[in-house]
Amino acid sequence: MEAPASDAALADVAAGEPVRSLDPSIRTIWMIKMAGASTILFLPALFYDLTHLFSPNAWLPFGVLSGGVLVAATLYCLAWPRLRYQSWGFALRPEEIYMEHGVLKHVRTVVPLRRIQHVDVSQDLIEREFALGRLVVHTAGSRSSDVVIPGLPLPDAEEIRDKIKRFILEDPLIEEPV
Amino acid sequence: MPSPSSSPTEPNPSVPDAASAPDPSSTDDSADDLSSNEADPAAATLGAIHEPQRLHPLTLLLRVGASLPALLVILLPILRNPGSTENLTSLVLGVLYGLFALPAILLQYWRFSYRITPKQIVIQSGVLNRKNRSIPIERVQNTQIERNLVARMLGLAKVKIETAGSSSTEGSLEYVHQGEARKIRQVVRSFQRESADAEADATDEDEADVETLLDMSLRRVLLSGAFRFSLLYLAVIFSVLELFNPETLIQRFIRADRLDWLTEVMFSHPALAIFASVLVAVILGWISGIAVHLARYYDFQLWLDGDKLRKRHGLFTVTEGTIPLDKVQTLILRTNPLMRAFGWYELKVQTIGINVEEQGHRVIAPFAGGDRLLELARRVRTFELPDSFANVSPLTIRRRFFRYTAVLTALLLPTVYFWPVGWPYLGGVALPWWGFGLVPLTLGWALLQYRNHEYAASEDGFYIRRGVVSHYLWIVPVEKFHVFHATASIFQRRLGLKTLFVDTAGAATFAYPEVIDVPADEADAQFNTLYQRFKALYRSRVEAATGAPDTRLDPDERPRLPTDESIGEPSE
């Protein structure tokens, strides 16, 4: 994993505020969610294995399929949240939100605050347990119509939201964001 | 949420006007009138439609007419064999239709009203669920007037009101009198102009500064259709086959023995038959392309009316629309190989307030020569086409070649593996193996994609050229940049490449101006440059607006994340 914001070419965009990481406990949240998703995958494999337990012409020996899925899922749940956490970085700068993320596909995004239509802070059940929030930034763009920064401590997320709101309200340019 | 006011400055879309009285449903109108009267009693309320208006009475006729096919389906058994006792249910249903559907149409009509105040368009509708929709005037992107064949015969028109926040039509008045439709559009436009630049004085005459930008003659429309192909004929053929039995059709129109020689030829010369059917398909596609174009773009006219574009076109359904110039996000020049060979292009603009049929893209000029089109595009938005475009990295050929070959392999291998013994073999191997003969073609395709992909970042915008079959040129002005992306997939990272994408409002989701496979350093540098240009432009605008340099926040007031040092301090 490359260190966030170290390119010379990005000196201007990446200058100023240090790029911040997410809250470390987001890894646990991701792990829980991935484990849930993997279980859904694992159950059919287990079902197949059990129903073919006494079948004379089994495609695979007993336990290979479910075991394989289990091992793959465990590795995925253990490794992926870490990798994803390492790849995440963001910064709220005077005029923009800068963020980078993505394990397989590195994505670096700059959202000018001026272009933000509105901001939400949301929280699901698991995130509530960890007192984390998700900052959802809506723009009028097509691909990036909502940009999400997960895993922020809730007060931080709300503070960022309020700052963005204030930026928009204080914008002296009377024009629509579109 | 689709709402007319999704901007943070107007937080509550359900309340028509934040500044108006607490009970919006009953008193917002009077409050509006008061405030606007105070502002400019003479001009502001001129032409406003304060009294709730009903739709044109003939609407009732049209709506009943539209519901008749349903009645026909219900009564079909009776019509088929009258006198049968099994017809009771359909008779009951028919009576129920008379009892409910007709009064429903009447009630809907009765309970639908609209009015236009200087601040908003209010549409009230609904019989059981009353809906009170107010669309702020300044949010209206486009008022479109549509007249289909029946409406034209009755002198009616449909008015569609589109806004930025919503991806579909926000309000629709179906139908009003033709003159009324024009009046509504006029009124909305004049109110918008007043709120936009109250101090600007040159808004007196509406027709004074109207200039025709494009006027397509019938010959030109036909010619433009000749360069397009349409598969519409397939739909026609299928729907005909759906309704009629093909055998009876043939028996009725052509005697079967006349077709015998044809079937004979087809069986004896399969290659000829294939060639002939391809030829017929091409000709049919060509003819239906002309027909579709003629129906859509007949009498295409485009005017520049002050700060708006107006267009009107259509043979059966006449569509009229306005596009405010400042709502134009991206200019898109498009051409296909055939058109390109003769130097013809199509110009589209990307707007937001998306008309679903046109997917956020409005055709401004369906067919014009290259220079003429560029000149026209400059009237919409001034730009300086860069002299030189930069190519993306040649490594893109390699990446694309590997990618397409991998996809091809993934498609072919399973078929090779599971190919049954009885199926055709060629040269001793299963037929799909020969599919790998396409590999050199993928190389050629990758090469063509590289050749047809260029970009240029100049002072006034970002220019991207892409597309092998359909050539696209996107012109993205700096002022419409939205969100900046630089992405690198795992394969791109191996080759040191990046994809650069500047998002715009309302961009399409399929063909969008991405610059794929730029060398990583170059991509980062461009990313930086583009964002700096955007920032500089808006800094200068802020300076011009406030008279003060730099941004409007003091350094210590600027948004700042709580770092370790500042966490302990009180935030404000």
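Predicted model, so just to flag it, every value in this text is computed and none were measured. Residue numbering restarts at 1 for every chain, and letters A, B, ... go by the order of the sequence lines.
Judged by distance alone, with hydrogens and angles left aside, the side-chain atoms of B:Arg493 form a donor-acceptor pair with the main-chain N or O of A:Leu104 at under 3.5 Å.
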Only pairs under 3.5 Å count here: list side-chain donor-acceptor contacts from residues 123-132 of chain A, not counting sequence neighbours, and write none if there are none.
from, atom 1, to, atom 2, distance (Å)
A:Gln123, NE2, A:Leu132, O, 3.0
A:Asp124, OD1, A:Ile126, N, 3.3
A:Asp124, OD1, A:Glu127, N, 2.9
A:Asp124, OD2, A:Lys33, NZ, 2.9
A:Glu127, OE1, A:Asp124, N, 3.0
A:Glu127, OE1, A:Arg134, NE, 3.4
A:Glu127, OE1, A:Arg134, NH2, 3.3
A:Glu127, OE2, A:Arg134, NE, 3.1

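Listed by chain and residue number, A:Phe42, A:Thr74 satisfy the side chain to side chain contact (heavy atoms under 4.5 Å, CB included) test with A:Leu70 (two or more places apart in sequence, or in another chain).
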Q: Test side chain to side chain contact (heavy atoms under 4.5 Å, CB included) on A:Val111 and B:His482 and set out the steps.
A: CA-CA 7 Å; A:Val111 187; B:His482 237 78; over 6 Å; no
Q: Tell me, with the steps shown, if A:Thr109 and B:Val483 meet side chain to side chain contact (heavy atoms under 4.5 Å, CB included).
A: CA-CA 7 Å; A:Thr109 305; B:Val483 179; 3.5 Å; yes
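Looking at B:Phe484 and A:Pro112, their side chains come closer than 4.5 Å, going by heavy atoms from C-beta outward. Residues A:His106 and B:Gln492 form no side-chain contact, since every pair of their non-hydrogen atoms from C-beta on lies 4.5 Å or further apart.
Atom NE2 in A:His101 sits 10.0 Å away from atom OG1 in B:Thr487 (nearest 0.5 Å).
For the residue pair A:Glu96 and B:Tyr531, a side-chain donor N or O sits within less than 3.5 Å of a side-chain acceptor on the partner.
Taking every heavy atom of both residues into account, B:Val542 and A:Arg114 meet most closely at CG2-NH2, 3.9 Å. Summarising the geometry of A:Val107 relative to B:His485, their closest heavy-atom pair is CG1-ND1, 4.3 Å, with the distance given to 0.1 Å.
For B:Phe534, the part sitting under 4.5 Å from any heavy atom of chain A is the side chain, from C-beta outward, and nothing else. Contact annotation for B:Glu514: only side-chain heavy atoms (C-beta onward) come within less than 4.5 Å of a heavy atom of chain A.
Checked for salt-bridge contact, B:Asp503 and A:Arg115 miss the test: no charged N lies under 4.0 Å from a carboxylate O.
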